[in-house]
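The figures here come from the full heavy-atom set of this structure, side chains too, leaving out hydrogens, waters and symmetry mates.
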Amino acid sequence: MVKRRGTSKLLRMKGSENTDDLISGLPDNLLHHIMSFLNTREAVQTCILSKRWKNVWRTLPYLYLNFNDFKLDVSNRYSPDLFMDFVSNLLLHRDPTCLHTFQLDCRYPLDSDDEIIIGWARYALMHNPRVLSLLVPNDAASQLCHSVFNCTSLEELHFGYINMLDQIKLVPETIVTPHLRHLRLYNVHLNEKFMEKMFSECPGLTDLHLVWCSLKIRSIRSRKLKCLTLHQCEYEVEMQLIDAPSLTELCIKGLEAIRYEINITSMPSLLKVVVSYSSFQPRWSVIFPRFSNVQQLELKGPSIETLLEIELPTCPIFHNLRSLFIQLHCRTCDIALTANFVRYCPKLEELVLSLDYHCQCATTLTNVFRETRISKQLRTVTLFRPKLLRKIKVLHIDCCIRAEQIVQALKHRGLWECRN
């Protein structure tokens with residue numbers, strides 16, 4: 001083959017071009033996607049990389065503004081002034097393009113007027129965000145309430161104030177968020193009127209998370225809700241009903257705060273349930289029949305043993321349960337209850353026992369468990385039940401004080417076989 005004169009030089013030139021910065025040659029939308037994995041302070045700092053990157057941040061549609069990202073030095077002290085100057089200058093010099101995500105987390109008191117924070121939030125609302133997260137001081141949140149719930153572009157909203165001493169009363173005059181699908185509220189006061197209006201005006205709402213909220217509601221009704229979380233909420237009136245037939249995931253943490261049993265209607269689509277008690281005396285009883293069709297079940301809190309004692313005499317068969325997580329308390333731990341409950345789960349594949357890790361017996365576990373993976377606190381063993389099912393794949397025990405007693409209890413019931 002005869003090469004044309006100068007071909008080798010041309011090939012060498014092309015090869016050298018391939019060693020150049022390929023990322024800088026990408027279009028802005030791909031660069032924005034890459035920068036979305038950075039906090040906004042880091043994203044702005046990319047302007048020093050090259051001329052190509054000098055102004056890319058100006059049209060960035062993802063803004064993550066978190067006070068925790070502005071440490072003054074290695075002593076973990078934060079600078080409110082540095083945070084405020086950065087956010088104000090960022091929004092002042094940014095190009096007026098639409099936002100996809102705007103996250104503002106300034107839950108700590110700032111030496112400034114709330115009007116500045118309100119101005120930042122209103123800037124975001126003017127640029128039609130699809131995802132909005134505002135964790136701001138109480139007064140600012142109260143003033144923003146109406147504007148936030150009338151932002152028609154929203155698909156996901158996180159809103160509230162992380163302070164257990166104060167709460168925000170949500171009383172928007174109107175709710176106009178027709179595209180809203182995910183809603184997470186922190187430390188707000190909700191009444192029946194707001195809940196009814198929210199479900200009627202947000203027809204696509206599928207995920208609802210209420211965290212540290214004060215609820216003056218008697219029912220939660222939605223035909224389309226798929227995920228519901230009630231996290232350490234206070235109940236000012238008796239909640240009587242949860243009617244959500246499309247629900248696939250239900251999480252109730254702090255169940256003891258509910259003074260009366262809730263009537264939970266049929267949920268044929270329910271796949272995962274998380275039940276958590278914070279006290280030693282559960283108020284609910286006979287909750288297992290409500291959730292006997294789930295595939296994942298998590299039981300957490302210091303009173304789980306008491307709950308098992310109440311439930312086991314009338315326990316149904318969990319025909320679909322594949323994964324079971326039980327958090328036990330070392331002082332009251334009775335592995336026999338857990339072992340007996342496992343007998344009602346014929347298709348169980350994963351059992352996770354999480355126990356207190358403040359114990360002194362970590363060194364004694366080496367010869368008891370089959371395999372060490374993550375650390376001395378996490379042991380992975382294989383558990384066999386030849387009669388009721390072929391194999392339970394994984395059992396995690398987080399450094400249990402009563403490790404040897406647990407093993408003996410499992411062996412006694414034919415649920416343990418340790419292979420070296």
Side-chain angles (χ1 to χ4, degrees), residues 3-4 6-74 78-79 82-106 116-117 119-136 148 151-159 177-184 204 206-207 227:
K3 293 185 179 179
R4 295 184 59 183
T7 302
S8 298
K9 182 179 180 180
L10 180 61
L11 291 175
R12 286 197 301 272
M13 291 175 63
K14 288 184 177 181
S16 64
E17 290 176 358
N18 291 334
T19 63
D20 290 343
D21 181 8
L22 300 180
I23 295 180
S24 296
L26 298 174
D28 281 3
N29 62 331
L30 291 181
L31 294 182
H32 289 157
H33 178 70
I34 295 172
M35 295 167 72
S36 70
F37 295 96
L38 306 173
N39 66 54
T40 302
R41 189 183 187 188
E42 295 170 336
V44 172
Q45 291 171 349
T46 61
C47 68
I48 65 173
L49 295 177
S50 67
K51 290 183 178 179
R52 171 70 179 93
W53 289 84
K54 184 177 181 179
N55 294 309
V56 177
W57 67 270
R58 293 179 180 271
T59 55
L60 184 66
Y62 309 94
L63 298 184
Y64 305 104
L65 307 172
N66 193 324
F67 181 73
N68 292 328
D69 295 330
F70 290 79
K71 290 184 179 180
L72 196 59
D73 51 36
V74 293
Y78 297 95
S79 173
L82 183 61
F83 174 69
M84 292 181 59
D85 289 344
F86 175 82
V87 177
S88 296
N89 282 292
L90 170 74
L91 302 184
L92 179 64
H93 295 96
R94 182 182 180 273
D95 290 348
T97 55
C98 288
L99 288 168
H100 178 279
T101 301
F102 184 86
Q103 180 187 93
L104 177 60
D105 186 345
C106 52
I116 296 177
I117 297 175
W120 298 341
R122 286 180 174 162
Y123 172 93
L125 294 170
M126 290 172 57
H127 291 81
N128 304 316
R130 294 167 59 184
V131 179
L132 179 65
S133 177
L134 295 177
L135 299 180
V136 296
V148 166
C151 182
T152 58
S153 62
L154 286 182
E155 298 178 9
E156 181 174 343
L157 172 62
H158 299 212
F159 184 68
T177 52
H179 305 296
L180 190 65
R181 292 181 294 140
H182 308 279
L183 177 61
R184 186 182 292 266
T206 58
D207 289 15
C227 182

Specify the closest pair of heavy atoms between [X] and [Y], including all atoms of both residues, with the distance to one decimal.
X: Thr177; Y: Cys151; value: CG2-O, 3.4 Å
X: Phe159; Y: Val148; value: CE1-CG2, 4.1 Å
X: Ser24; Y: Ser50; value: OG-OG, 4.2 Å
X: Pro129; Y: Ser153; value: O-OG, 2.7 Å

Please assess Cys106 against Ile117 for the test side-chain contact (heavy atoms from CB on, under 4.5 Å), listing each intermediate value before the final yes or no. CA-CA 9 Å; Cys106 52; Ile117 297 175; 3.9 Å; yes
Would you say the side chain of [Y] lies within less than 4.5 Å of the side chain of [X], judging by non-hydrogen atoms?
X: Arg130; Y: Thr101; result: no
X: Ile23; Y: Leu31; result: yes
X: Leu157; Y: His182; result: no
X: Trp120; Y: Ser88; result: yes
X: Leu65; Y: Leu90; result: yes

Please determine whether side-chain contact (heavy atoms from CB on, under 4.5 Å) holds for the pair Leu183 and Asp207, giving the CA-CA distance in whole Å, both sets of side-chain angles, and the decisive distance to 0.1 Å. CA-CA 6 Å; Leu183 177 61; Asp207 289 15; over 6 Å; no
Tell me whether Asp28 is salt-bridged to Arg58, with the criterion being a basic N under 4.0 Å from an acidic carboxylate O.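 Salt bridge flag = no for Arg58 with Asp28.
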Cut-off 3.5 Å, side chains only: do [X] and [Y] have a donor facing an acceptor?
X: Thr59; Y: His32; answer: yes
X: Arg41; Y: Tyr64; answer: no
X: Trp57; Y: Thr46; answer: no

Taking [X] for the side chain and [Y] for the main chain, is one N or O donor matched with an acceptor at less than 3.5 Å?
X: Arg94; Y: Leu60; result: yes
X: His127; Y: Tyr123; result: yes
X: Arg52; Y: Asn55; result: no

Does Ile48 have more than 12 heavy atoms from other residues, nucleotides or ligands lying within 6.0 Å of its CD1?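 Result for CD1/Ile48: open.
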Look at the rings of His100 and Tyr62 and say which category their plane angle falls in: under 30° parallel, 30 to 60° tilted, over 60° perpendicular.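 The arrangement is tilted - the two ring planes meet at 30° to 60°.
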Over 60° means perpendicular and under 30° means parallel, so tell me whether Phe70 and Phe86 are parallel, tilted or perpendicular.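 Rings of Phe70 and Phe86: tilted, as their planes differ by 30° to 60°.
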Nearest 0.5 Å, please: how far is [atom2] in [Y] from [atom1] in [X]?
X: Thr152; Y: Leu180; atom1: OG1; atom2: CG; value: 11.5 Å
X: Asp105; Y: Ser133; atom1: CG; atom2: OG; value: 7.0 Å
X: Met126; Y: Leu91; atom1: CE; atom2: CG; value: 11.0 Å
X: Thr40; Y: Glu42; atom1: OG1; atom2: CD; value: 9.5 Å

Is there a side-chain contact (heavy atoms from CB on, under 4.5 Å) between Leu26 and Ile34? Walk through the geometry before answering. CA-CA 10 Å; Leu26 298 174; Ile34 295 172; 4.1 Å; yes
Apply side-chain contact (heavy atoms from CB on, under 4.5 Å) to residues Met35 and Trp53 and explain how you reach the verdict. CA-CA 11 Å; Met35 295 167 72; Trp53 289 84; 3.9 Å; yes
